[in-house]
Amino acid sequence: MLLTGFSTFITLLYVAMMVLAVVALVMAAVAREDAYRAADKQKKSFWLLILGLAVGVNVLSLYMSVLFLQIAGVVASIVFLVDVRPALRAVSGGGRGRRGGSSSDGPYGPYNGGR
């Protein structure tokens, strides 16, 4: 019974690592190439290769144990999501709607009508 619970936990952990790698890969594929250069990060092809390998290792783990490579893939996915993705969003002006401010805000602060 204890072994079954542990097996379920490990399976959920593998699924979580796979989902993390796939989400990071999709986000890397959606971002524009010039945003990577503007954010002074590695090339888009580099991140697609690294994150694609992370997904491939996770698929391979279904057939054989490659835990060290899976951990490396998780680290790469986390680095992309925590460091590269916010830099890409900042450079490309991404974001969901306005975050505070008013409709009279200009690029350098609020516009006061020349007063």
Side-chain angles (χ1 to χ4, degrees):
M1 185 162 131
L2 183 62
L3 190 59
T4 305
F6 184 71
S7 175
T8 303
F9 173 73
I10 294 297
T11 303
L12 289 175
L13 190 64
Y14 283 158
V15 168
M17 289 191 296
M18 173 68 103
V19 168
L20 184 70
V22 168
V23 166
L25 179 64
V26 168
M27 288 183 176
V30 170
R32 297 182 352 215
E33 173 70 36
D34 60 340
Y36 286 89
R37 283 181 273 136
D40 198 27
K41 300 296 177 186
Q42 293 289 335
K43 288 183 167 184
K44 181 176 182 174
S45 58
F46 171 81
W47 283 107
L48 290 176
L49 177 70
I50 295 296
L51 297 172
L53 286 173
V55 171
V57 165
N58 282 315
V59 170
L60 185 66
S61 73
L62 298 173
Y63 304 106
M64 58 190 302
S65 178
V66 286
L67 185 62
F68 179 76
L69 294 176
Q70 279 184 297
I71 292 172
V74 167
V75 169
S77 300
I78 290 172
V79 166
F80 179 82
L81 291 173
V82 172
D83 181 40
V84 178
R85 176 86 169 126
L88 294 176
R89 288 184 69 193
V91 167
S92 63
R96 294 189 176 117
R98 300 185 70 88
R99 296 186 187 164
S102 69
S103 62
S104 66
D105 283 353
Y108 305 109
Y111 178 70
N112 61 6
R115 294 182 236 161

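All values reported here derive from a predicted model rather than from experimental measurement.
Closest approach of Ser7 to Thr11, counting heavy atoms only: O-OG1, 2.8 Å. Nearest heavy-atom pair, Val91 versus Ala38, reported as atom, atom and distance to 0.1 Å: CG1-CB, 3.2 Å. Residues Gly73 and Ala54 come closest through the heavy atom pair CA-CB, 3.7 Å. Closest heavy-atom contact between Asn58 and Ala21: ND2-CB, 3.6 Å.
Grouping the Ile, Leu, Val, Met, Phe, Trp and Tyr side chains by contacts below 4.5 angstrom, directly or via other members, places Val19 with Leu51. Val55 and Leu69 are not part of a single hydrophobic cluster, where members link through side-chain heavy atoms under 4.5 Å apart. Val75 and Leu53 fall into different hydrophobic clusters, where Ile, Leu, Val, Met, Phe, Trp and Tyr side chains are chained together by heavy-atom contacts under 4.5 Å. Under the 4.5 Å side-chain heavy-atom criterion for ILVMFWY residues, no single connected hydrophobic cluster contains both Phe9 and Leu12. Tracing side-chain contacts under 4.5 Å through hydrophobic residues (I, L, V, M, F, W, Y), one reaches Met17 starting from Val23; they form part of the same cluster.
Between Phe68 and Val57, every side-chain heavy-atom pair lies at or beyond the 4.5 Å cut-off. Residues Leu20 and Leu81 are in side-chain contact: their nearest non-hydrogen atoms beyond the backbone lie under 4.5 Å apart. In this structure, the side chains of Gln70 and Leu67 come closer than 4.5 Å at one or more pairs of heavy atoms.
In this structure, the separation between CD on Gln42 and CD1 on Ile50 is 9.0 Å, given to the nearest 0.5 Å. To the nearest 0.5 Å, the span separating CG on Leu13 from OG1 on Thr8 amounts to 12.5 Å. Here the OG atom belonging to Ser77 is positioned 11.0 Å from the CE atom belonging to Met18, to the nearest 0.5 angstrom. In this structure, the separation between NZ on Lys41 and CZ on Phe80 is 10.5 Å, given to the nearest 0.5 Å.
A donor-acceptor pair under 3.5 Å is formed between the side chain of Tyr36 and the backbone N or O of Ala28.
Applying the salt bridge (charged side-chain N to carboxylate O under 4.0 Å, His left out) definition to pairs two or more places apart or across chains, those involving residues 12-38 are Arg32-Asp34.
Scanning for side-chain hydrogen bond (donor to acceptor under 3.5 Å, both in side chains) contacts around Lys44 gives an empty result, with sequence neighbours left out.
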